[in-house]
Amino acid sequence: MTVQLKEMLNDIHREAENHDWVKYMMSGEMLDEHYGAYLSQQLHIYTALENRCDAFNMFDPPLHDMRRMLPLAIDCSNYPQFKKILPSTKIYMERVAKLQENKLWPHIYVRHFGDMYGGAMIAKKLGGNHAYYDFGPNKKDMITFVRMKLNNKMFAECEQVFKDAIALFDDLDNYFKVDDV
């Protein structure tokens, strides 16, 4: 990956991390019910993404520890159940199920790296143990491997993944009527 791709994504990345829902997660005052709903949606999203990646054996070493489905399932069991699948989650699941390998690397980059970095900050605010944000001891190797798969031509797909995340934040914000923190 070139530094240019990361720079090209700065605006949409900033938009995502400045979303009201993200600010709410970072506030340290998020209700368990709301965080449980977020985790539930993430579990659906990651299940769809990682199952599609399995069609191309993308999580073979060195990426085995990058999978988030099991850690998400573990964390979901610690929060109130949220059975509803929000519209943005459904749309994402349908879209990712059709992607080929070259279009999946941007999803791993945006989603997994976002949870690796931003998730560590969220976990601190939430307190306690959060398997979802624990990527194990081989993070550096996984980061290097994924970055080698990326190029500037993947900008549009990376941007779309950020838009998908923002759509989820909007859905959660609207569903729970969470105001600015």
One should read off an interatomic distance between Thr89 OG1 and Leu43 CG, to the nearest 0.5 angstrom, of 10.5 Å
Is the backbone N or O of Lys84 less than 3.5 Å from a side-chain atom of Gln41, with the two atoms forming a donor-acceptor pair by type?
yes
Between Cys158 and Val110, the two heavy atoms sitting closest are O-CG2, 3.8 Å
To the nearest 0.5 Å, atom NE2 of His44 lies from atom CD1 of Ile85 at 4.0 Å
Look at the side-chain heavy atoms of Ile, Leu, Val, Met, Phe, Trp and Tyr, link any pair under 4.5 Å apart, and say whether Val96 and Leu150 land in one connected group.
yes
If every non-hydrogen atom of Val161 is compared with every non-hydrogen atom of Arg111, which pair is closest and at what distance?
CG1-CG, 3.7 Å
Tyr35 and Leu126: which non-hydrogen atoms are nearest, and at how many Å?
CZ-CD1, 3.3 Å
Give, for atom CG of Asp65 and atom CE of Met142, the distance between the pair rounded to the nearest 0.5 Å.
5.5 Å
ILVMFWY network linking Phe59 to Ile74, side-chain heavy atoms under 4.5 angstrom
no
Closer than 3.5 angstrom, by distance alone: can the side chain of Glu50 be matched with the main-chain N or O of Arg68 as a donor-acceptor pair?
yes
Looking at CG of Asn138 and NE2 of His64, how far apart are the two atoms once the value is rounded to the nearest 0.5 Å?
11.0 Å
Would you call Lys23 and Asp173 a salt bridge, using N to O less than 4.0 angstrom?
no
Given the rule in the side-chain contact (heavy atoms from CB on, under 4.5 Å) test, do Asn51 and Met69 qualify, once you have shown the distances and angles that lead to the verdict?
CA-CA 9 Å; Asn51 283 341; Met69 285 189 303; 3.9 Å; yes
For the pair Tyr132 and Tyr38, name the ring-plane relationship: parallel under 30°, tilted 30 to 60°, perpendicular over 60°.
tilted
What pair of heavy atoms forms the shortest contact from Met154 to Pro106, and how long is it?
CB-CG, 3.7 Å
Does one hydrophobic cluster hold both Leu5 and Tyr117, with members joined at side-chain heavy-atom distances below 4.5 Å?
yes
Determine whether Met30 and Val178 make a side-chain contact, defined as any pair of heavy atoms from C-beta on separated by less than 4.5 Å.
no
Residues His107 and Leu99: closest non-hydrogen pair is NE2-CD1, 3.2 Å
Tyr79 reachable from Leu86 in the ILVMFWY side-chain graph, under 4.5 Å edges
yes
Give me the ring orientation class for His19 and Phe169: parallel if the planes are under 30° apart, tilted from 30 to 60°, perpendicular past 60°.
tilted
Regarding Lys149 and Glu101, does a basic nitrogen lie under 4.0 Å from an acidic carboxylate oxygen?
no
Trp105 to Val146 - nearest heavy-atom pair and separation:
CZ3-CG2, 4.2 Å
Within this structure, what is the CG-CD distance for the pair Leu9 and Gln4, rounded to the nearest 0.5 Å?
10.5 Å
Pair His130, Asn78: side-chain N/O donor-acceptor within cut-off below 3.5 Å:
no
When the ring planes of Tyr175 and Phe82 are compared, do they come out parallel, tilted or perpendicular, using 30° and 60° as the limits?
perpendicular
Shared hydrophobic cluster, Ile108 / Met93 (ILVMFWY, side-chain heavy atoms < 4.5 Å):
no
Around atom CG of Asn129, are there more than 12 heavy atoms of other residues, nucleotides or ligands at under 6.0 Å?
no
Do Phe176 and Glu33 come within less than 4.5 Å of each other through their side chains, counting heavy atoms only?
yes
